[in-house]
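First the structure, in the form of structure tokens, and then the observations on it.
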Amino acid sequence: MAVSVRVPTILRTYTSGESEVGAEGATLGEVIDDLETRYAGIRSRVLDDAGALRRFVNVYVGNDDVRFLDGLATPTADGVQISIIPAVAGG
Amino acid sequence: MSTLVQDRLRAGAFGNAVALSCRECGATQELGPFYACTECFGPLEISYDYPSITREQIEAGPANIWRYQPLLPVPADIAESPNTEPGFTRLIRAANLGRELGIDRLWVKDDSGNPTHSFKDRVVAVALSAARELGSKVFACPSTGNLANAVAAAGARAGIPTVVFIPHDLEIPKVVASAIYTNRLVAVRGNYDDVNRLASEIAGEEDGWAFVNVNVRPYYGEGSKTLGYEVAEQLGWHIPDQTVIPVASGSQLTKVDKAYQELIRLGLVEEKPYRIFGAQATGCSPVAQAFRDGHDVVRPVRPDTIAKSLAIGNPADGPYVLDVVRRTGGVVADVDDEQVRQGIELLARTEGVFAETAGGVTIGVLKQLAESGALDTSAETVVFNTGDGLKTLDAVADRVGPAATIDASYEAFTAAGII
Ligand SMILES: Cc1ncc(COP(=O)(O)O)c(C=O)c1O
Ligand SMILES: [Zn+2]
């Protein structure tokens, strides 16, 4: 599945400044693996050593926070937009 | 980009603050409009080169939060800049409420007395200073309501354009009390967490915007420390045994703890054990739930409560609230909407203080904790009222009203049986 991923400012050093990039994968986990092959190092910024989403990262598939869905196993339909957003905002 | 920020800054722009450091992994970064660690996404915190400072120096300062300027990331001349001058709100001895709840020594920190009637004026004043020093063109926020009021007012006073984002279904007084100060109030179809997400995305795209609780959140958060400083100073320079604080994002609670720690470290108060308690509404109680379950992460929820100011389902500082409360031996608890309404009424009838729903939550939780024994009723206790009941009239409008409607005659009055 071809998806587009919105990249937060602090990860744009990996995407040469691009704020939106393309990737492939049938699940969020696969998309993140694919991003790693294109932008080496980016996965370990988003996932912790155990391979889980870091606790201060929010990831949305379409409009939904993946923690309300299936986390890294959340399916990513063709053309869907994924957003990676720092979680430490709000109040 | 960051070196450019440093080049533009004037000397002393952030007072005694020296760096941003990650609360999770300790990585440091220079002061600027940054909020998430580039290594791990953890929250950045202001770190200081703490000055030596005396009680007398503080007491000689202005009767607002700037008396604590050396402990905030603001310049020494902050008091001369146009701002709303929040803080130094009253700490009232709540003997009637204490008697009602069986708490011997109870105080209410009444922060509804701030310029836009909530504690948010404190955090916004510090964020405004950061925005000004960083040369920001736009002052902005996503808000559950009170923050919107505070940002719009502070921006008007400082002459910085504001853009304020709120959920579309807020209480009308909170909508009007923002729109009166700005023509760029944006209502977003969605709940606060949706608004917050949108703001984070905009903050990533627009250069020169200071989103108070997004990219300048490390500065914003420091403003809540002043609640802790004031409580200690107003008690005659000591930390209360127990403090009960409402929790939405959790920033305020964690910063009051930081304030108490700083006062101890600076020798301004004696070191002593203290307990911090968190209050949520049951319809949005992800932190209370995690506390009960013994978790150290917070599972987000979709909020459904009349306490809209506290309706953050995905609280940024949730894990740190759990840390503080567990470390100090406190509790995070929640009360339902009916108890929130009762809490508002109880505080009004016993102390003459009209709290908004957030205050109703906090009083409700205070009552619950006193009854369950989780709170030591013989220990000195401070409970926060962080907002004004006039902004959430609907919460109690159907509970109170005229005892009778009568003709303008003495006979009608006596017949009505009022006394
Ligand atoms: C009146 C009132 N009290 C308390 C809070 C909670 O603040 P925090 O997000 O720092 O936990 C808010 C937040 O919007 C509020 O409006
Ligand atoms: Zn970090």
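Basis for what follows: all heavy atoms, side chains included, without hydrogens, waters or symmetry-related copies. By convention in this document, chain letters (A, B, ...) are assigned in the order of the sequence lines, proteins followed by strands, and residues within each chain are numbered from 1.
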Toward chain A, the part of [X] with a non-hydrogen atom under 4.5 Å:
| X | value |
| --- | --- |
| Ser251(B) | neither |
| Arg302(B) | both |
| Val301(B) | backbone |
| Ala248(B) | neither |
| Tyr320(B) | side chain |
| Pro43(B) | both |

Name the member of [options] that forms the most heavy-atom pairs with chain A at distances under 4.5 Å.
| options | value |
| --- | --- |
| Leu44(B), Asn314(B), Asp193(B), Val298(B) | Asn314(B) |
| Asn196(B), Asp317(B), Val297(B), Val123(B) | Asn196(B) |
| Pro300(B), Ser200(B), Pro142(B) | Pro300(B) |

Portion of [X] that has a non-hydrogen atom of chain B nearer than 4.5 angstrom:
| X | value |
| --- | --- |
| Pro86(A) | both |
| Asn58(A) | side chain |
| Arg45(A) | both |
| Thr13(A) | neither |
| Arg67(A) | both |

message: I need the contact set between residues 210-222 of chain B and chain A: heavy-atom distance under 4.5 Å, sorted by residue number.
response: Asn213(B), Val214(B), Arg217(B), Tyr220(B)
Between [atom1] of [X] and [atom2] of [Y], what distance do you get to the nearest 0.5 Å?
| X | Y | atom1 | atom2 | result |
| --- | --- | --- | --- | --- |
| Leu170(B) | Tyr192(B) | CG | OH | 11.0 Å |
| Ile10(A) | Glu39(B) | CD1 | CD | 9.5 Å |
| Ile312(B) | Thr144(B) | CD1 | OG1 | 5.5 Å |
| Glu24(A) | Asp78(A) | CD | CG | 8.0 Å |
| Trp209(B) | Cys141(B) | CH2 | SG | 11.0 Å |
| Leu28(A) | Glu30(A) | CG | CD | 10.0 Å |

- request: Only counting residues at least two apart or in another chain, list the ones meeting side chain to side chain donor-acceptor pair (under 3.5 Å) with Lys391(B).
  value: Asn146(B), Asn149(B)
- prompt: Please walk me through it: do Lys137(B) and Asp207(B) pass salt bridge (charged side-chain N to carboxylate O under 4.0 Å, His left out)?
  reply: CA-CA 9 Å; Lys137(B) 302 186 301 267; Asp207(B) 257 352; over 6 Å; no
- prompt: Salt bridge check: are Arg122(B) and Asp111(B) linked by an N-O gap of less than 4.0 Å?
  reply: yes
task: Compare every heavy atom of Leu72(B) with every heavy atom of Lys225(B), then report the nearest pair and how far apart it is.
output: CE-CD2, 4.1 Å
query: Side chains of Gln81(A) and Glu20(A): is there a donor and an acceptor less than 3.5 Å apart?
result: yes
